[in-house]
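What follows is a short report on a single structure.
Keep in mind that this is a model prediction, so the values were computed, not measured. Positions are given from 1, in the same order as the sequence printed here. Both backbone and side-chain heavy atoms feed into the values below; hydrogens, waters and symmetry mates do not.
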Amino acid sequence: MAKPLRTTVENPVLRAEFVKLIAQDQALIHKVCSMYCRDPEERKDLFQEIVLQLWRSYPAFKHESKVSTWMYRVALNTAVSSFRKESRRPYHGSLSDLDLQIPASPDTSAEYELKIKYLYAAIDQLSQVEKAIVMLYLEDRTYEEMAEIIGITKSNVGVKLNRIKAKLEKLLTPVYDELR
């Protein structure tokens with residue numbers, strides 16, 4: 001019995017596989033959307049665009065890498081491309097004006113939640129590639145996985161991550177010092 005063709009988008013088996021894949025890993029897509037969009041409507045639009053790009057590239061996906069690696073790569077490329085297409089002006093408000101919608105854990109203190117809010121505000125000031133690296137780092141991805149997803153060498157991931165950490169420390173030290 002011949003395997004169904006993966007190149008036909010009308011293929012019901014392919015469609016069912018894809019829907020299952022998105023249902024299982026949609027949190028990954030939401031994380032990328034949250035990292036690149038402040039506005040809830042923009043996040044919804046980006047989510048739809050990422051799913052569309054995943055659908056378009058799914059027939060060509062050969063399962064040579066992890067599904068999550070492929071999804072991150074498509075999602076991040078879509079987010080960065082979308083970000084570049086729109087000529088957005090930089091945010092000029094104060095950090096306290098940001099609507100980060102970070103879900104609060106019931107057992108966290110107000111100080112901890114405030115620190116998380118400022119961390120995400122600092123991350124928001126990074127470049128698109130830096131944001132992607134931070135997000136993958138916070139997801140406990142290995143340097144090898146980050147390199148494959150971003151499309152850079154493993155050693156370059158280490159260099160960039162050290163620079164990002166230094167940049168975040170510089171941004172956050174004055175804020176965290178005030179909280180003490």
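Ring geometry, Tyr58 versus Trp70: the interplanar angle falls from 30° to 60°, so the pair is classed tilted.
Side-chain atoms of Arg43 do not come within 3.5 Å of backbone N or O of Ser34 as any donor-acceptor pair. Here the side chain of Tyr143 pairs no donor or acceptor atom with the backbone of Gly158 at under 3.5 angstrom. Between the side chain of Asn77 and the main chain of Arg73, a donor-acceptor pair closer than 3.5 Å is present. Between the side chain of Asp25 and the backbone N or O of Leu28, no donor-acceptor pair lies under 3.5 Å. Of the possible polar contacts, one joining the Ser57 side chain to the Gln53 backbone as a donor-acceptor pair under 3.5 Å is found.
Counting all heavy atoms, side chain and backbone alike, Met35 lies closest to Met135 at CE-CB, 3.6 Å. Between Lys160 and Ile133, the shortest heavy-atom contact is CD-CD1, 3.7 Å. Here the closest heavy-atom approach between residue Ile150 and residue Ala132 is recorded as CD1-CB, 3.6 Å.
Taking a cutoff of 4.0 Å between a charged side-chain nitrogen and a carboxylate oxygen, Lys66 and Glu145 qualify as a salt bridge. A salt bridge does not link Arg163 with Glu130: none of the charged nitrogens is closer than 4.0 Å to a carboxylate oxygen. A salt bridge is defined here as a Lys NZ or Arg NE, NH1 or NH2 lying under 4.0 Å from an Asp or Glu carboxylate O, and Glu17 with Lys20 fails to meet this definition.
The environment of Lys154 atom NZ is sparse: at most 12 non-hydrogen atoms of other residues, nucleotides or ligands sit within 6.0 angstrom. Within 6.0 Å of CD on Glu169 lie no more than 12 heavy atoms contributed by other residues, nucleotides or ligands.
Side-chain atoms of Ile22 and Trp55, non-hydrogen and from C-beta on, never get closer than 4.5 Å to each other. Side-chain contact check for Met71 versus Ile50: every heavy-atom pair is 4.5 Å or farther apart. Counting only heavy atoms from C-beta outward, the side chains of Val32 and Phe47 never approach each other to under 4.5 Å. Side chains of Ile29 and Leu46 form no contact here, defined as non-hydrogen atoms less than 4.5 Å apart. At a threshold of 4.5 Å between non-hydrogen side-chain atoms, the residues Lys167 and Gln125 do not count as touching. Counting heavy atoms from C-beta on, the side chains of Leu168 and Leu126 come closer than 4.5 Å. In this structure, Asp45 and Glu49 have side chains that are not in contact, with every pair of non-hydrogen atoms separated by 4.5 Å or more. A heavy-atom distance below 4.5 Å is not found between the side chains of Tyr137 and Val157.
For the atom pair CD1 of Ile123 and OH of Tyr118, the computed distance is 15.0 Å after rounding to the nearest 0.5 Å. Met146 contributes atom CE, which lies 10.5 Å from atom OH of Tyr72 (distance to the nearest 0.5 angstrom). Residue Leu54 holds its CG atom at 12.0 Å from CD of Gln26, rounded to the nearest 0.5 Å. For the atom pair NZ of Lys165 and CG of Leu172, the computed distance is 14.0 Å after rounding to the nearest 0.5 Å.
Cluster membership check: Val19 does not share its hydrophobic cluster with Val51, using side-chain heavy-atom separations under 4.5 Å among Ile, Leu, Val, Met, Phe, Trp and Tyr. Hydrophobic clustering of Ile, Leu, Val, Met, Phe, Trp and Tyr side chains at less than 4.5 Å, counting indirect connections, unites Leu76 with Val67. When hydrophobic clusters are built by joining Ile, Leu, Val, Met, Phe, Trp and Tyr residues whose side-chain heavy atoms come closer than 4.5 Å, directly or via intermediates, Val159 is not grouped with Ile149.
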From CA spacing to verdict: side-chain hydrogen bond (donor to acceptor under 3.5 Å, both in side chains), Arg141, Ser68: CA-CA 11 Å; Arg141 297 292 176 156; Ser68 62; 3.2 Å; yes
